[in-house]
Protein chains: 2
Amino acid sequence: MATQKDVAKLSGLSQATVSLVLNDITDGLVSLKTIKKVNKAVLDLGYRPNRLARALRTSKTMTVACVIPDITNPYYPSLVRGVQVACENAGYDVIIVNTDAKRDRELHFFDLALQGRVDGLLGFFFHLDVSDFGILVEKGIPVVRLGSDLGNKFSAKIDNIHTDNISAARDLTDHMITKGHTKVSMIAGLGGPQLERVNGYKSAITNNKLVESIQLTDEFTEKGGFDATKSLFKLGASPSAIIAANDLMAIGCMRALRNLGLSIPEDVAVAGFDDIPASSLVTPSLTTVNLFQQDLGGVAARLLIERLTGEQNGPPKRQEHPYEIVQRNSA
Amino acid sequence: MATQKDVAKLSGLSQATVSLVLNDITDGLVSLKTIKKVNKAVLDLGYRPNRLARALRTSKTMTVACVIPDITNPYYPSLVRGVQVACENAGYDVIIVNTDAKRDRELHFFDLALQGRVDGLLGFFFHLDVSDFGILVEKGIPVVRLGSDLGNKFSAKIDNIHTDNISAARDLTDHMITKGHTKVSMIAGLGGPQLERVNGYKSAITNNKLVESIQLTDEFTEKGGFDATKSLFKLGASPSAIIAANDLMAIGCMRALRNLGLSIPEDVAVAGFDDIPASSLVTPSLTTVNLFQQDLGGVAARLLIERLTGEQNGPPKRQEHPYEIVQRNSA
DNA sequence: CTGTTAGCGCCTTCAT
DNA sequence: ATGAAGGCGCTAACAG
């Protein structure tokens, strides 16, 4: 690999001058002839700046880490894409890491920043609290946390962008009620934003003086949705509408309903959350809540980059991200 | 951030000794007391090695790039996950970049390696040929190319792992024929492995002395599958089985069939390729070909890492990856 | 057993 | 307008 030294030798200049030209610090200081000489040598040698050396010198890696539970969970790819587009536009690379929503792994990837591997972090940290983030905050490493707003319980000095899952669930439940449903059940798993969604559901049910009917399960997957729906009916519920805490569960719920000989949405209406790609592909297509994941990724990445560049240096932000009910054929 | 110098000062040793201890080059050379002193100082200071400095010195970044067209294409997330798991186990980080299958972007990410940002590359390069890869080969940067085996046309000295799409398509077509179908049509887009799949289909049709019926479309998406199917029938074909060049198209095909009042698989059987997550979720569930993406990612990553570590230094490999027909309810 | 020395490639004052 | 010199944090000979 050609280095600045090689370029300097070939162009008969010093390495320092080459550096100046390459970094465009030529404010009428470097002669045009010199600049041309350098550029020619750069081309001839196929010189590429070594980013590691530059990073070591400037202590800026121009790389950020995007921390997610699992890229194979259909919620995440578009979010990741949003992050990557925003970062690329700003000249940053992205390292993506999967935590499987495990605390030790969430913490483990702090090392990326502590070892000077990346300039900042953004992503989902379900199990970390103020003291955990303290390590990074102390060292001045910016973090943008996604997911629920933990409110006052969570006073870490980092940015947080969240979706108002409570309102979203309330709206979705109201949507069912508006359509005339009076027996609305909910199925949910545990973890992530699912509890907030249950709370939003409860709130809508209470406001409308209806009766709660909630079936929990441990896994928030297609199978979880199938099982929870079966349990629901086995335990005597006979809802005319079911809200699932995410789309995978909703799709499992639909399979269970067909299995029970019920038609959708005529006998039972179904809705979910996340608007994953499969939601528009199943039959009937699934009514759900779009959380604008790609946009969320973009917003988060831009905020992180603003922190990195110093464009943004105010107090930690608590930002909310919009959602939208997508009405399709299942409800 | 604490450095080795700080650790040395605190423990009253030289920085070089600290480095030895930290790199575990202590083969009975360093006294136990010294080791303990260093370890204590490391803990007290919360010292973390700076990986950039190490990388600059050793010219090993312990990072690889995974180059894919688009992470939001459901074929890729599990492949990426396979890559990440394998790399993590070997102590490597992964940078994922999206090319959108555009030539200039495929080429653009060579810079990651040329700038010393990553040690090697692995991924899909649909538009690059021998001379393009030459840049990397010259510098001794390992690349593992995924996707079709270009055979003799492609003589770049890099590893290649491919799926035998021709055989897979032939097998899938035979599967339909074995089930008694004599009018089997195919719908396909352009690009990626789709043409090979068309060729496999043709081969099976010819072997069985049946008549070809192929409908091409420009986009290999759900919509593309819908449109192609509509065209197929509009142009007078009346297949009893349709093979789509990927699952998204197959799902679009199923929508079109329902739209035409045909039931699946009774009136028309449908099958696709890729076994994307949605395939098991649609109704009827889709018969398809599992390409073992996650495993493919793992194999590719391990091969790349073997090249990196020098464990593997033979001639470029041409490796084939298995596939398997997954029979579900659509055919 | 431990310390000295010499860079990896780059940026950045400070001289000239 | 250009060059010399120092150092970012680390590893790796080579001495002692």
Side-chain angles (χ1 to χ4, degrees), chain A residues 1-39 41-42 45-63 111-119 139, chain B residues 1-39 41-42 45-63 111 113-119 139-140:
Chain A
M1 296 290 325
T3 70
Q4 284 190 356
K5 208 157 125 187
D6 301 325
V7 175
K9 199 187 299 176
L10 186 63
S11 54
L13 296 162
S14 83
Q15 181 254 15
T17 306
V18 173
S19 176
L20 285 181
V21 173
L22 258 34
N23 289 289
D24 214 24
I25 313 183
T26 53
D27 283 341
L29 296 173
V30 180
S31 74
L32 204 67
K33 211 195 313 182
T34 313
I35 295 179
K36 285 192 173 163
K37 268 198 277 187
V38 171
N39 287 334
V42 164
L45 291 169
Y47 166 81
R48 304 282 173 152
N50 180 319
R51 284 192 51 179
L52 289 175
R54 177 180 292 176
L56 180 59
R57 184 59 233 247
T58 61
S59 49
K60 286 187 203 310
T61 63
M62 300 303 282
T63 305
D111 275 3
L112 286 172
L114 295 175
Q115 300 181 348
R117 195 73 196 61
V118 303
D119 294 338
K139 315 248 178 205
Chain B
M1 294 294 320
T3 71
Q4 284 190 356
K5 209 158 126 187
D6 300 326
V7 175
K9 199 187 298 174
L10 186 62
S11 55
L13 296 161
S14 84
Q15 181 255 15
T17 306
V18 173
S19 176
L20 284 182
V21 174
L22 258 34
N23 289 291
D24 215 25
I25 312 182
T26 54
D27 283 340
L29 295 175
V30 181
S31 76
L32 205 68
K33 212 193 317 182
T34 313
I35 296 179
K36 285 194 174 163
K37 268 199 279 190
V38 171
N39 287 334
V42 164
L45 291 169
Y47 166 81
R48 304 282 174 153
N50 180 320
R51 284 193 49 180
L52 289 175
R54 176 180 295 174
L56 179 59
R57 185 58 234 245
T58 61
S59 51
K60 286 184 200 314
T61 63
M62 299 304 282
T63 305
D111 275 2
L114 296 175
Q115 299 181 350
R117 197 72 197 66
V118 302
D119 294 338
K139 314 247 177 204

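Numbered from 1 within each chain, the chains take letters A, B, ... in sequence-line order.
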Notebook entry, point to check: What distance do B/Leu20 atom CG and B/Ile35 atom CD1 have between them, rounded to the nearest 0.5 Å?
Noted result: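 Here the rounded value is 10.0 Å.
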
Can you tell if the side chain of [X] reaches within under 4.5 Å of the side chain of [Y], non-hydrogen atoms only?
X: A/Thr61; Y: A/Arg117; result: no
X: A/Thr3; Y: A/Asn50; result: no
X: A/Leu22; Y: A/Tyr47; result: yes

Please enumerate all residues that pass side-chain hydrogen bond (donor to acceptor under 3.5 Å, both in side chains) together with [X], with sequence neighbours excluded.
X: A/Arg48; answer: B/Asp111
X: A/Asn23; answer: A/Ser19
X: B/Ser59; answer: none

Checklist line | Where A/Pro49 and A/Arg54 come nearest, the two heavy atoms and their spacing | finding: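 Smallest interatomic distance, heavy atoms only, reads CB-NH2, 3.5 Å.
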
Note to self: If you compare all heavy atoms of A/Ala41 against all heavy atoms of A/Ser11, which two are closest, and at what distance to 0.1 Å?
What the structure shows: CB-CB, 4.1 Å

Mind calculating the distance between [atom1] ([X]) and [atom2] ([N]) to the nearest angstrom?
X: B/Leu114; N: C/dG9; atom1: CG; atom2: P; value: 15 Å
X: A/Lys37; N: D/dA1; atom1: NZ; atom2: P; value: 14 Å
X: B/Leu20; N: C/dC1; atom1: CG; atom2: C1'; value: 10 Å
X: A/Lys9; N: D/dT2; atom1: NZ; atom2: C1'; value: 19 Å
X: B/Gln115; N: C/dG9; atom1: CD; atom2: P; value: 15 Å
X: B/Ile25; N: D/dC14; atom1: CD1; atom2: P; value: 14 Å
X: A/Leu22; N: C/dT12; atom1: CG; atom2: P; value: 13 Å

Check: Does a sphere of radius 6.0 Å around NZ in A/Lys139 hold more than 12 heavy atoms from other residues, nucleotides or ligands, not counting ones at 6.0 Å or beyond?
Finding: yes

Would you tabulate the nitrogen or oxygen pairs shorter than 3.5 Å linking the protein to nucleotides 14-16 of chain C?
none

Item checked: B/Thr17 side-chain N/O to C/dT2 phosphate OP1/OP2 under 4.0 Å -> no

Atom pairs under 3.5 Å: protein N/O with N/O of nucleotides 6-10 of chain D:
| from | atom 1 | to | atom 2 | distance (Å) |
| --- | --- | --- | --- | --- |
| D/dG6 | N2 | A/Arg57 | NH1 | 2.6 |
| D/dG7 | N2 | A/Arg57 | NH1 | 3.1 |
| D/dG9 | N2 | B/Ala53 | O | 3.4 |
| D/dC10 | OP1 | B/Tyr47 | OH | 2.5 |
| D/dC10 | OP1 | B/Asn50 | N | 3.0 |
| D/dC10 | OP2 | B/Gln4 | N | 2.6 |

Next item on the list: Could you go through the side-chain contact (heavy atoms from CB on, under 4.5 Å) check for B/Val38 and B/Val30 one step at a time?
Entry: CA-CA 11 Å; B/Val38 171; B/Val30 181; over 6 Å; no

Item checked: Axis bend over the full length of the helix from C/dC1-D/dG16 to C/dT16-D/dA1, computed from five pairs that close each end, to 10 degrees -> 50°

Next item on the list: Using a 4.0 Å heavy-atom cut-off across all strands, classify A/Thr34 as base, sugar-phosphate, or nothing.
Entry: sugar-phosphate

